[in-house]
Amino acid sequence: MSPGHRHAGMGRGLKRMVWLSSALLWASGLGWCALHYTVGAGAADGLPHPAEPWLMKLHGLALFLNLMALGAVVAQHLPPGWRMGQRPAWRGQRRTGLWLGSLLIALVASGYLLYYFGGEDWRPTLDGVHIAAGVLLAVPLLWHTGRRRAARAMP
């Protein structure tokens, strides 16, 4: 980081990886939900829509990319970002970052449980948690990046 550069350790490539993998996760997850709960749910034969398995495969691929990017974010962005959060202009970043982290933990845990331990008794609850956390994640992510830009513009 150059002197006077107040960015918290995320390079352009890492930011692109986070945004690309997050967009793929969001689009594939919402696409699956749309097919599964509307088109697939009303199918006369009771079978899922043929695109559902492919959307889940894309979702899984995007997850691997996202987890790699998030590992780099935790290593490169979190420590300097947390220190910068002590400044009044950046204090809100901690809150949105904590919301992001909490929702990400809920997503990873619910996705893991759905994939490996999702018995029929728990599946509707885990599915609801996973979908809600995934949809809600967009709010603190956009707020976090928007607040950073606003704080960076301050003298």
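Side-chain atoms are counted along with the backbone in the values below, which use heavy atoms only and exclude waters and symmetry mates.
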Other ILVMFWY residues reachable from Tyr112 by side-chain steps of under 4.5 Å: Leu113, Leu114, Tyr115, Tyr116, Phe117, Trp122, Leu126
Least distance between heavy atoms, Ser110 atom then Val129 atom: CB-CG1, 4.2 Å
side-chain contact (heavy atoms from CB on, under 4.5 Å) assessment of Leu137 paired with Leu107: CA-CA 9 Å; Leu137 185 70; Leu107 275 168; 3.9 Å; yes
CG-CG distance between Leu100 and Leu142, expressed to the nearest 0.5 angstrom: 9.5 Å
Approximate separation, where rounding is to 0.5 Å, of Leu55 CG and His49 NE2: 9.0 Å
Hydrophobic cluster identity match, Tyr37 and Leu35, side-chain contacts under 4.5 Å: yes
Interatomic distance, Leu14 atom CG to Met68 atom CE [nearest 0.5 angstrom]: 11.5 Å
Trp143-Ile105 co-clustered via ILVMFWY side chain contacts under 4.5 Å: no
Let me have the donor-acceptor pairs involving side chains of residues 25-33, under 3.5 Å, with sequence neighbours excluded, atom names and distances please.
unit_1, atom_1, unit_2, atom_2, d
Trp26, NE1, Gly134, O, 2.9
Ser28, OG, Leu24, O, 2.7
Ser28, OG, Leu25, O, 3.2
Ser28, OG, His59, ND1, 2.8
Trp32, NE1, Glu52, OE1, 3.3

Asn66 side, atom CG; Leu104 side, atom CG - distance, nearest 0.5 Å: 7.0 Å
Separation between CG of Leu58 and CG of Leu63, rounded to the nearest 0.5 Å: 11.0 Å
Gap between atom CG of Asp121 and atom CZ of Arg123 - 0.5 Å precision: 11.0 Å
